[in-house]
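Since the structure comes first, as C-alpha cells, the remarks are kept for the end.
Side-chain atoms are counted along with the backbone in the values below, which use heavy atoms only and exclude waters and symmetry mates. As the structure is a computational prediction, the values presented were derived from the model and not from experiment. In each ligand, atom 1 is the first atom listed, and ligand 1 is the first ligand listed.
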Amino acid sequence: MLDLSELRAAARTEGGVSRRLFLAYGAALSSLPLLGSRAVAGSRRASFESDPFTLGVASGDPTDTGVVLWTRLAPKPLDPDGGLAPEAVEVAWEVATDDGMREVVRKGTTVATPQLAHSVHVEVEGLEPDRWYFYRFRAGDAASPVGRTRTVPAADASPDRLRFAFASCSHFEAGYFTAYQHMAQDDLDLAFHLGDYIYEGPGRDGGVRRHSGLEIETLADYRIRHAQYKTDEHLRAAHARCPWVVTWDDHEFDNNYAAEISEKQGIDPVDFLERRANAYQAYYEAMPLRARSLPHGPHMKLYRTVGYGRLAAFQVLDTRQYRTDQPNDDRPAELDDAALSPKNTILGAKQADWLKASLLRSTGTWNVLAQQVMMGMVARSRRPGERELYSMDQWPGYAAERIKLAKFLADRRVPNPVVLTGDIHSNWVNDLRVDDRKPESPIVATEFVGTSITSGGNGVAEVEGLDALLAANPGVRFHNRQRGYVLCTLTPQSYTSDYRIVEDVKSPGAAIKTLKSFVVEAGKPGAQPA
Ligand code: FE
Ligand code: CA
C-alpha cells in the first residue's frame, strides 16, 4: 500500500492542490450548475487544519459495471458539524487498478455538502466486471487512505467461488471490534452488515469505552454516534478492504421499533417519525449507499438486489420500516391468533411483492435473503417445564407471512434458498420448513443466524438448557452464544458457513477461530456439519 503520510507531506510541500487536481477541479466547475460561484471558489481553496478523512473510506452495492464509493469529511468527528463550516467542499476521487494508484481508470470530482454532513457517495460506472480496484479521495491538500473494492461478475458469468462475511450487532461499549479486525484480514469479496451497526443508547460506564452523549435523538446526535463508531480503526479497516452491503435493524433508530411505533407507550407517532428521519438521514450519510437510498423525510428505500453472476442473488431486506406493530405487546407468546393474524406484516405489501418478483427473476444458484430477524420458528421456555414461547419481534410474530413466504419458495421451486440473520447476539443454524412446527414436512431453506460483533459482551461458551432447546426444536442444528461473524464460501455445488469466534472482546487483539462449519449441498436443502 501507498504510504499516505508521505503523500500528504508531498502535497503540503507543493503548497496545496496539485496542478493536475486543480485542472480537474476547474473542468468540473462548469458541470456544477447547482453550486453558487462563491461556494465553489471557497472550496477550491479548501485546506484543513487537521485530516478531514478521519472516518476513513468505504465502498458498497457493487454491480458488474460499478460500485459506490463513500467518505465523509470530518476533521473533528465528534463535533456536530464534523468541524466544517456550512459550505460545500469539492472532493476529487480516483479509481485505479493498482494499490499505488498509478493506473487510474476513472476519476472525477463531486461535492460534499453541509446538508448531508459533507458525506460523499460517488457512483462509479464503466468498470470491468469481476475485478479488484483501488480508490482514494482528495479534498484540498488532503488525501484519504486508499480503499480496495471490486465489481461483481457479469450477470451471465458463472463464477466458481464467492467468499463473504456477514456481521451484525456491533455495540461500541460492549467490546472491542476485534471481529472486524479479523474480517479485514480475511480475503473477502463482499461483506454484509445485517443491522445494529450502532446503538442508540446513552453513554454508560462499565464498558470497554463509552458512547458520547445521551440517548441519540437529533440529527446531530445520530451523526456524532455514527462518527464515533467510525473512530474505531478496525471498523474503518474492514470497510476499506472490500465492498459492503448494509441494511439496518432497530438500533440504528430505536430499540424494537415497528414502522412509526415506538416500543414505549405514549410516544406521538409524528414526533417519532421526525426522529426516524434524523436516524435514517444519518445512516445514509454514514454508509456506502447509492442515491436511490437517499431518504425522503422519514422514508428510505433500503431493500434491493445484489447479484453475483449466476452463482448467487442476494435480496437485501428491511424488516423494520414497514412492519405492523409486534403482536402480544412484543412479549414472548405462543403462536396464537394474534401472532398468526394475516393482518401482520414484517415486510409490508410493496416489499413483499418486490421480493417475490425478484425471486422469480433470479438466475442465481443460491438465493440468499440478507435480513435482520430470525425466521426459524424457534420455541423457547425460560425455565424447564415452562410453556414454550416465540419472540414476537422476529418472524414468528408475523407467522402467517412467514409461512406464506416459505410456501412461495417451495411452490415456485426457488433454487437453494438461504436466509442470513442477525439481531439476537447468538449463532444458529436452522432448517426452515413451510411451518417449522411440522418437522415431518420437507425442508425448504436453511437459515444461518450470525452472532454479534460485541453486543452482550463475551457471551458464554456453554449454553444452559441447550439439549432441551434442541429437543423442542428439531429444525435447530446448532446454537452458540459467543461473539464473532460468519464466513460464507459459495460454489455452484455447495454453501459453507464457518462460525468464526472471538473468545474475548473485552481486551483488544484477541485471536479468532472457526468454532464450527456447516455446509448445504446445492439441490439438497438443509445444513450438515462440514
Ligand atoms: Fe443487536
Ligand atoms: Ca436488533
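For residue His251, no N/O/S atom approaches the Fe ion (ligand 1) to within less than 2.8 Å. Look at Ser455 and the Fe ion (ligand 1): no N/O/S atom of the residue is under 2.8 Å from the metal. Within the 2.8 Å limit, His171 places no N, O or S atom next to the Fe ion (ligand 1). The distance from the Fe ion (ligand 1) to the nearest N/O/S atom of Asp250 is not under 2.8 Å.
Taking the six-membered ring where tryptophan is involved, the planes of Trp244 and Tyr197 are perpendicular, since the angle between them exceeds 60° and thus also 30°. A parallel orientation is assigned to the rings of Tyr284 and His121, their planes being inclined by less than 30° (bins at 30° and 60°).
Between the side chain of Asp249 and the backbone N or O of Gly195, no donor-acceptor pair lies under 3.5 Å.
Counting just the N/O/S atoms of Asp196, the one with the shortest distance to the Fe ion (ligand 1) is named OD2. Residue Asp249 approaches the Ca ion (ligand 2) most closely through its N/O/S atom OD2. Closest N/O/S atom of Asp196 to the Ca ion (ligand 2): OD2.
Seen from the ring of Phe164, Arg150 does not count as a face-on cation partner, given the 6.0 Å and 45° thresholds. In this structure, Arg209 is positioned above the aromatic face of Phe172, its NZ or CZ under 6.0 Å from the six-membered ring centre and within 45° of the axis.
Computed with the Ca ion (ligand 2) at the centre, the Asp250 OD1 to Asp423 OD1 angle is 140°, stated to 10 degrees. For the pair SG of Cys169 and OH of Tyr199, the angle whose vertex sits at the Fe ion (ligand 1) is 100° to 10 degrees.
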query: Can you list the steps and then say if Tyr308 with Trp366 is a ring-ring contact (aromatic ring centres under 6.0 Å, His included)?
result: CA-CA 10 Å; Tyr308 202 85; Trp366 298 98; over 10 Å; no

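Separation of the Phe166 and Phe448 ring centroids does not fall under the 6.0 Å cut-off.
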